[in-house]
Participant: 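I have a structure here, written as structure tokens, and I will follow up with some questions on it.
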Amino acid sequence: MTRKRFDQMDCSVACALNEVGDWWSLLVVKQAMLGTRRYVDFQNRLGIAKNILCDRLSRLVENGVMVRVDVGEHGKRYEYRLTDKGRDLFTVITALRQWSERWNGEKDSMKLVDRQTGAPLAPVTVQNQQGHSLTVRDVRFVDDNGNPLEETG
């Protein structure tokens, strides 16, 4: 079964889903954020089939989320490292984690804390330019001309 592509959609969310929008890709990125670098370690820690992992790593490299680096140990040996683009997914992964913990309960013992203070992270929120938290009820979706995109039916 081929994964649906959203190349022709004029939508930022669809564009992001093309790059990291399957079950395994974000888990691979999260594992890289934990420090995993080598193929065999991704495979062991995630319990992912080799063919799926190979496909996801290739796609993440192709999309600029990760880079494959020859570390030259014992002949050819590669590591996979996050790029700036990949590290920018930290907010997305943290938001998904916090959303899941709120609605599904805590499923593991991992906590995210500030490296300097050891304090837990505050909930990820969408903020206006003055730093006030907003919900979906506080925003309006508009086009480039400022016209509302909501249906008026």
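This chain uses plain numbering: 1 for the first residue, then up along the sequence. When reading the values below, keep in mind they use all heavy atoms of this one structure, side chains included, and skip hydrogens, waters and symmetry mates.
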Participant: Check Ala32 against Arg37 and note the closest heavy-atom contact, atom names and distance.
Facilitator: O-NH1, 3.2 Å

Participant: Applying side chain to side chain contact (heavy atoms under 4.5 Å, CB included), can you list everything that pairs with Pro120, at least two apart in sequence or on another chain?
Facilitator: none

Participant: Can you sort out the partners of Asn51 under side chain to side chain donor-acceptor pair (under 3.5 Å), two or more places apart, ordered by chain and number?
Facilitator: none

Participant: For atom CG of Asp144, decide whether the heavy atoms of other residues, nucleotides or ligands shown that lie under 6.0 angstrom number more than 12.
Facilitator: no

Participant: Hydrophobic side-chain clustering at under 4.5 Å (ILVMFWY, transitive links): who's grouped with Trp99? Put none if nobody.
Facilitator: Trp103

Participant: Test of understanding: with side chain to side chain donor-acceptor pair (under 3.5 Å), list the residues that count as partners of Lys111, not counting sequence neighbours.
Facilitator: Glu106

Participant: Could you list the cluster mates of Met110? Members are the ILVMFWY residues connected by side-chain heavy atoms closer than 4.5 Å, either directly or through other members.
Facilitator: Leu34

Participant: I would like to know whether Asp55 and Ser58 meet side-chain hydrogen bond (donor to acceptor under 3.5 Å, both in side chains); could you show each step before the answer?
Facilitator: CA-CA 5 Å; Asp55 178 67; Ser58 295; over 6 Å; no

Participant: Could you pull out all residues at least two apart from Ser12 that satisfy side chain to side chain contact (heavy atoms under 4.5 Å, CB included)?
Facilitator: none

Participant: Once rounded to the nearest 0.5 Å, what's the spacing between atom CG of Leu27 and atom CG of Leu53?
Facilitator: 11.5 Å

Participant: Holding to side chain to side chain contact (heavy atoms under 4.5 Å, CB included), I want the full list of residues that pass it with Leu96, two or more places apart in sequence or in another chain.
Facilitator: Leu26, Val92

Participant: According to the salt bridge (Lys or Arg N to Asp or Glu O under 4.0 Å) rule, which pairs have a member within residues 80-90, sequence neighbours left out?
Facilitator: Glu19-Lys85, Glu79-Arg81, Asp84-Arg87

Participant: Hydrophobic clusters join Ile, Leu, Val, Met, Phe, Trp and Tyr when side-chain heavy atoms are under 4.5 Å apart, directly or via other members; which others share one with Val142?
Facilitator: none

Participant: With sequence neighbours excluded, what pairs up with Asp138 under the side chain to side chain donor-acceptor pair (under 3.5 Å) test?
Facilitator: Thr135

Participant: Please list, chain by chain and in numerical order, all residues satisfying side chain to side chain contact (heavy atoms under 4.5 Å, CB included) with Asp41, sequence neighbours excluded.
Facilitator: Thr36, Arg38, Arg45

Participant: Return the minimal non-hydrogen interatomic distance between Gln98 and Ala122, and the atom names on each side.
Facilitator: NE2-O, 3.3 Å

Participant: Mind checking side chain to side chain donor-acceptor pair (under 3.5 Å) for Thr94 and listing every partner two or more places apart, or none if nothing turns up?
Facilitator: none

